[in-house]
There are 2 protein chains.
Amino acid sequence: MHYTRDNMAGLLRSHDINPTHQRIEIAHALFSRQEHLSADQVMAIVNTRHSETSKATVYNTLKLFLEKGLVREVIVDPSKVFFDPNTSPHHHLYEVDSGKLSDIDAEHVVISGLPPLPAGMVTEGIDLIVRVRRTS
Amino acid sequence: MHYTRDNMAGLLRSHDINPTHQRIEIAHALFSRQEHLSADQVMAIVNTRHSETSKATVYNTLKLFLEKGLVREVIVDPSKVFFDPNTSPHHHLYEVDSGKLSDIDAEHVVISGLPPLPAGMVTEGIDLIVRVRRTS
DNA sequence: CCGGATATTAGACAAAGTCCAGATCGGCGA
DNA sequence: TCGCCGATCTGGACTTTGTCTAATATCCGG
């Protein structure tokens, strides 16, 4: 599957999102790279040639994608949020010094022994983050 | 064990931290409550009566406590970091709507099947966060 | 009591993110 | 094609969390 801009339009529509220019560009930035990007990085990518998309739109759009389940939010660094185009269940490996963030497939990872949830609560998600550092 | 200010001085010393007024107050705020507090909350608590401790000192001190292993940092909310006086191995339950954060004892939780780390890397910590929401 | 090292401070600054009022776009009916 | 209207986008002011710095205060050994 190639992440062309045309395919992005379809992807957006299938998630009930009106495919505008800016939204297609932002989706394309995320999906063609298949990487974890911060809002800042998205903005930089989208505006490489000439300024095309405002900060407000980048933030609005990422929030919209989040609500519509198109991307996932990864909170590992207190200073910025990363957006993850991979929404299938998986965990994360975070290299503390370099800030590099990569996926850990959830397929073989088993988490057991969690206590029952408090009454009236549903799990929204389980985030597992392995923080690693280069041996110095 | 009571978390009196006098005991705080001992605790700080045992962690190789010079026990000053401000540090004792900040440690007392965290340990007497046994709760997850943000820097803002710590500052509010410490300065309830009359302004006693500056913002810079609160941040410096929390960072110092962190380095010395007296507290732990919990990153669950993109907008602020929480500090956790409980340094024994445990996980977290985060109520998304209320922002309430509580501990999950790690004793019975087993995480298995994690892939091997990349060469030259050591694990600094594994954070497991269960995000829950009230059934609406 | 002195001097140097250690802590604290106010306030300027930086970065991420939010908010708003006005401008613009784009699809649709006439 | 034209004009309208809701949806979208925008610049820029603003907020919040956190950092930095240079000056001051405190502590301690001699």
Side-chain angles (χ1 to χ4, degrees), chain A residues 5 8-9 12-13 15-30 36-47 49-68 70-71 73-84 96 99 101, chain B residues 5 8-9 12-13 15-30 36-47 49-68 70-71 73-84 96 99 101:
Chain A
R5 283 169 177 76
M8 287 303 100
L12 294 181
R13 262 187 285 266
H15 280 260
D16 201 22
I17 297 169
N18 203 339
T20 65
H21 278 315
Q22 289 88 339
R23 290 173 181 174
I24 288 172
E25 284 307 311
I26 291 171
H28 185 254
L30 280 161
H36 307 84
L37 299 178
S38 64
D40 265 22
Q41 292 176 303
V42 169
M43 200 160 40
I45 291 168
V46 168
N47 290 336
R49 296 164 160 266
H50 21 66
S51 191
E52 290 162 358
T53 305
S54 72
K55 185 166 63 152
T57 299
V58 171
Y59 278 98
N60 288 342
T61 301
L62 288 171
K63 193 189 282 181
L64 178 69
F65 285 4
L66 198 59
E67 284 164 9
K68 298 293 187 178
L70 194 61
V71 300
E73 207 179 23
V74 186
I75 303 170
V76 284
D77 184 315
S79 74
K80 64 181 78 176
V81 172
F82 287 96
F83 293 87
D84 187 347
V96 176
L101 183 62
Chain B
R5 283 171 177 75
M8 286 303 100
L12 293 181
R13 262 187 285 265
H15 280 259
D16 201 23
I17 297 169
N18 205 338
T20 64
H21 276 316
Q22 289 88 339
R23 289 172 180 174
I24 288 172
E25 283 307 312
I26 292 172
H28 185 255
L30 279 162
H36 307 84
L37 299 177
S38 64
D40 265 23
Q41 292 175 303
V42 169
M43 200 161 39
I45 292 168
V46 168
N47 290 337
R49 297 165 158 266
H50 21 67
S51 190
E52 289 162 358
T53 306
S54 72
K55 186 166 62 151
T57 298
V58 170
Y59 278 98
N60 288 344
T61 301
L62 289 171
K63 192 189 284 182
L64 178 68
F65 285 4
L66 197 59
E67 284 164 9
K68 299 293 188 180
L70 195 60
V71 300
E73 207 179 22
V74 186
I75 303 171
V76 283
D77 183 315
S79 74
K80 64 181 76 176
V81 172
F82 286 96
F83 293 88
D84 188 346
V96 175
L101 184 62

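Lettering follows sequence order; numbering is per chain, from 1.
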Would you say a side-chain N or O of [X] is under 4.0 Å from OP1 or OP2 of [N]?
| X | N | answer |
| --- | --- | --- |
| A:S54 | D:dT10 | yes |
| B:Q22 | D:dT26 | no |
| A:Y59 | C:dG17 | yes |

### Test item: B:I75 and A:D77 side chains (from C-beta on) under 4.5 Å apart, heavy atoms
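A side-chain contact under 4.5 Å is absent here.
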
#### Entry: Contact check, side chains of A:N18 and A:L12, non-hydrogen atoms, under 4.5 Å
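Side-chain contact under 4.5 Å: no.
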
Show me the protein contacts with nucleotides 21-23 of chain D, counting only N or O atoms at under 3.5 Å.
none

### Task
Output all residues satisfying salt bridge (Lys or Arg N to Asp or Glu O under 4.0 Å) with A:K68, sequence neighbours left out; order by chain, then residue number.
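Salt bridge (Lys or Arg N to Asp or Glu O under 4.0 Å) check on A:K68 returns A:D16.
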
### Query
Which angle, to the nearest 10 degrees, lies between the helix axes at the two ends of the helix from C:dC1-D:dG30 to C:dA30-D:dT1, each defined by five pairs?
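The angle separating the two end axes equals 10°.
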
### Message
When you measure from the side chain of B:R5 to the backbone of B:I24, do you find a donor-acceptor pair of N or O atoms at a distance under 3.5 Å?
### Response
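Side chain of B:R5 to backbone of B:I24, a donor-acceptor pair under 3.5 Å: no, none is there.
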
### Query
Distance-only, no hydrogens or angles: does the B:D84 side chain make a donor-acceptor pair with backbone N or O of B:H36 under 3.5 Å?
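No.
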
### Query
Do you know which two heavy atoms are closest between B:E52 and B:V46, and how far apart they sit?
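Nearest heavy atoms, B:E52 then B:V46: OE1-O, 3.0 Å.
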
### Non-hydrogen atoms of A:F83 and A:L30 that approach each other most closely
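A:F83 and A:L30 have their closest heavy atoms at O-CD2, 3.8 Å.
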
### Task
For DNA chain C, find the residues of residues 73-82 of chain A with a heavy-atom distance under 4.0 Å and give them by number; none if there aren't any.
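The answer is A:S79, A:K80, A:V81.
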
### Query
Within the modelled atom types, does a donor on one side and an acceptor on the other bring the side chain of A:K55 and the base of C:dG17 under 3.5 Å apart?
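Answer yes: a donor N or O sits under 3.5 Å from an acceptor.
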
Can you tabulate the close N/O pairs, meaning under 3.5 Å, that link protein atoms to atoms of nucleotides 27-30 of chain D?
none

Atom [atom1] of [X] to atom [atom2] of [N]: distance rounded to whole Å?
| X | N | atom1 | atom2 | answer |
| --- | --- | --- | --- | --- |
| B:N47 | C:dT8 | CG | C1' | 13 Å |
| A:E25 | D:dC9 | CD | C1' | 15 Å |
| A:K63 | D:dT8 | NZ | C1' | 15 Å |
| B:L62 | C:dA7 | CG | P | 15 Å |
| A:D40 | C:dG17 | CG | C1' | 10 Å |
| B:R23 | C:dT6 | CZ | P | 11 Å |
| B:H50 | C:dT9 | NE2 | C1' | 17 Å |
| B:E67 | C:dA7 | CD | P | 12 Å |

### Message
What's A:T20 touching, base or sugar-phosphate or nothing? Going by heavy atoms closer than 4.0 Å.
### Response
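Sugar-phosphate contact only - A:T20 comes under 4.0 Å of backbone atoms but never of a base.
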
Nearest-0.5 Å distance, [atom1] of residue [X] to [atom2] of residue [Y]:
| X | Y | atom1 | atom2 | result |
| --- | --- | --- | --- | --- |
| B:F82 | B:Q41 | CZ | CD | 6.0 Å |
| B:L37 | B:I45 | CG | CD1 | 4.5 Å |
| B:M8 | B:I26 | CE | CD1 | 13.0 Å |

### Query
If you find the nucleotide of DNA chain D closest to A:T57 and the one closest to B:S38, which residue's nucleotide is nearer the 5' end?
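Going by which nucleotide is closer to the 5' end, it is A:T57.
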
Determine all donor-acceptor pairs shorter than 3.5 Å in which one atom belongs to a side chain in residues 56-64 of chain B; sequence neighbours excluded.
unit_1 : atom_1 : unit_2 : atom_2 : d
B:T57  : OG1    : B:S54  : OG     : 3.1
B:N60  : ND2    : B:A56  : O      : 3.3
B:T61  : OG1    : B:T57  : O      : 2.7

